[in-house]
Peer 1: 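Encoded as structure tokens, here's the structure I'll be asking about.
Residues take their numbers from the sequence shown, with the count starting at 1. Basis for what follows: all heavy atoms, side chains included, without hydrogens, waters or symmetry-related copies.
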Amino acid sequence: MKTTLWTAQVLWGVSFSITGFGKILWYKPALWNQALQVVPWLSAVPQDLAIFIGVAEFLGGVGLILPAITGVKPKLTPIAAIGLTLVMILAGFFHIVRGEYSFLLINVVLGGVTAFIAYERLFVRPIAPASISSFRVLAGLVVFGALVLVDFAPVWYRLTHF
């Protein structure tokens with residue numbers, strides 16, 4: 001179960017950070033206009049709200065991984081999971097109101113797994129806090145740098161090849 005939980009944390013953390021990073025870049029008018037053509041629900045959301053959702057998803061994705069791996073402030077991991085669960089619940093309501101039931105399954109799965117992570121890390125398998133050391137800071141920076149690189153690579157490819 002421990003391996004399953006860590007796997008879910010890493011996969012969901014990377015997934016949310018990638019999608020969030022892509023939404024953050026919608027501040028650029030060219031990318032916003034391109035996204036309006038591709039994402040069906042986007043025309044019903046103000047640009048600033050879409051960017052805010054992207055920031056919440058990016059930080060939530062980082063929060064699922066970074067505090068747990070470094071052991072520094074590990075209580076932030078279930079808080080990030082709760083925040084992402086809330087984002088998915090609100091997204092589900094949004095899609096129900098718009099009659100976009102095909103998106104609902106995605107919201108339920110993403111929100112369900114983040115709720116599972118939150119429950120497990122709060123009550124069943126909490127991570128013990130560790131003292132801050134040079135090694136933990138370096139490990140945190142390496143993990144964060146890897147996440148940013150993984151998030152930026154697909155966006156860079158899409159911007160330069162399409």
Peer 1: Enter the distance from Leu11:CG to Trp6:CH2 here, rounded to the nearest 0.5 Å.
Peer 2: 12.5 Å

Peer 1: Nearest 0.5 Å please: distance from the CG atom of Leu86 over to the CG atom of Leu90.
Peer 2: 4.5 Å

Peer 1: Can you establish whether the number of heavy atoms outside Tyr119 located under 6.0 Å from its atom OH is more than 12?
Peer 2: no

Peer 1: Atom CG in Leu147, atom CZ in Phe152: separation rounded to 0.5 Å?
Peer 2: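 Separation between the atoms: 15.0 Å.
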
Peer 1: Hydrophobic clusters here meaning ILVMFWY residues chained together by side-chain heavy-atom distances under 4.5 Å, can you tell me if Val39 and Phe93 are in one?
Peer 2: no

Peer 1: Pairs of donor and acceptor atoms involving the side chains of residues 74-83, under 3.5 Å and at least two apart or interchain, shall be tabulated with distances.
Peer 2:
residue: Thr77; atom: OG1; partner: Gly63; partner atom: O; Å: 3.3
residue: Thr77; atom: OG1; partner: Ala68; partner atom: N; Å: 3.3

Peer 1: So which atom in Gly13 and which in Leu64 form the shortest heavy-atom distance, rounded to 0.1 Å?
Peer 2: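 Nearest heavy atoms, Gly13 then Leu64: N-CD1, 3.7 Å.
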
Peer 1: Does a side-chain heavy-atom distance below 4.5 Å link Tyr101 with His95?
Peer 2: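 They are not in contact (no side-chain heavy atoms under 4.5 Å apart), so the answer is no.
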
Peer 1: Say you draw a straight line from OG1 of Thr85 to CG of Leu110; how long is it, rounded to the nearest 0.5 Å?
Peer 2: 10.0 Å

Peer 1: Which pairs would a plain distance check flag for residues 19-27, meaning a side-chain donor or acceptor within less than 3.5 Å of a matching protein atom at least two apart in sequence or in another chain?
Peer 2:
residue: Thr19; atom: OG1; partner: Ser15; partner atom: O; Å: 3.2
residue: Thr19; atom: OG1; partner: Phe16; partner atom: O; Å: 3.2
residue: Thr19; atom: OG1; partner: Glu57; partner atom: OE1; Å: 3.2
residue: Lys23; atom: NZ; partner: Glu57; partner atom: OE1; Å: 2.8
residue: Lys23; atom: NZ; partner: Glu57; partner atom: OE2; Å: 3.0

Peer 1: What is the distance from atom CD1 of Ile18 to atom CG of Asp151, rounded to the nearest 0.5 Å?
Peer 2: 5.0 Å

Peer 1: How about Ile132 and Thr70: do any of their side-chain heavy atoms sit closer than 4.5 Å?
Peer 2: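 No, side chains not in contact.
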
Peer 1: Would you name the heavy atoms of Ala56 and Leu84 that are closest together and state the gap between them?
Peer 2: O-CD2, 4.1 Å

Peer 1: I'd like to know if Ile69 and Val72 are part of one continuous hydrophobic network [Ile/Leu/Val/Met/Phe/Trp/Tyr, side-chain heavy atoms within less than 4.5 Å].
Peer 2: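 Hydrophobic grouping puts Val72 apart from Ile69.
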
Peer 1: So, does Ser17 use its side chain to make a donor-acceptor pair with the main chain of Val62 at under 3.5 Å?
Peer 2: no

Peer 1: Flag yes if Leu66 and Val148 sit in one hydrophobic cluster, no otherwise; membership is Ile, Leu, Val, Met, Phe, Trp, Tyr, and two members link when side-chain heavy atoms are under 4.5 Å apart.
Peer 2: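 In one cluster: yes.
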
Peer 1: What is the minimum heavy-atom distance between Ala44 and Arg98, and which atoms define it?
Peer 2: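 Where Ala44 meets Arg98 most closely, the heavy atoms are CB-NH1, 3.0 Å.
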
Peer 1: Nearest 0.5 Å please: distance from the CD atom of Glu120 over to the CD1 atom of Ile127.
Peer 2: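 Reported to 0.5 Å precision, the distance equals 11.5 Å.
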
Peer 1: Quick check: is Leu122 connected to Leu5 through a chain of hydrophobic side chains (ILVMFWY, heavy atoms under 4.5 Å apart)?
Peer 2: no

Peer 1: Please give me the minimum heavy-atom distance between Ala91 and Asn107, naming the atom from each residue.
Peer 2: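 Where Ala91 meets Asn107 most closely, the heavy atoms are CB-ND2, 3.6 Å.
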
Peer 1: Donor-acceptor pair, distance only, cut-off 3.5 Å: does the side chain of Arg136 make one with the backbone of Gly140?
Peer 2: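 No, Arg136 side chain to Gly140 backbone: no donor-acceptor pair under 3.5 Å.
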
Peer 1: Give the cluster check for Val150 versus Val143: same hydrophobic cluster or not, with ILVMFWY residues linked at side-chain heavy-atom distances below 4.5 Å.
Peer 2: yes

Peer 1: Please report the C-alpha distance between Phe94 and Val45 in whole Å, then the side-chain angles of each, then the deciding distance to 0.1 Å, and finally whether the side chain to side chain contact (heavy atoms under 4.5 Å, CB included) criterion is met.
Peer 2: CA-CA 10 Å; Phe94 172 80; Val45 177; 3.7 Å; yes

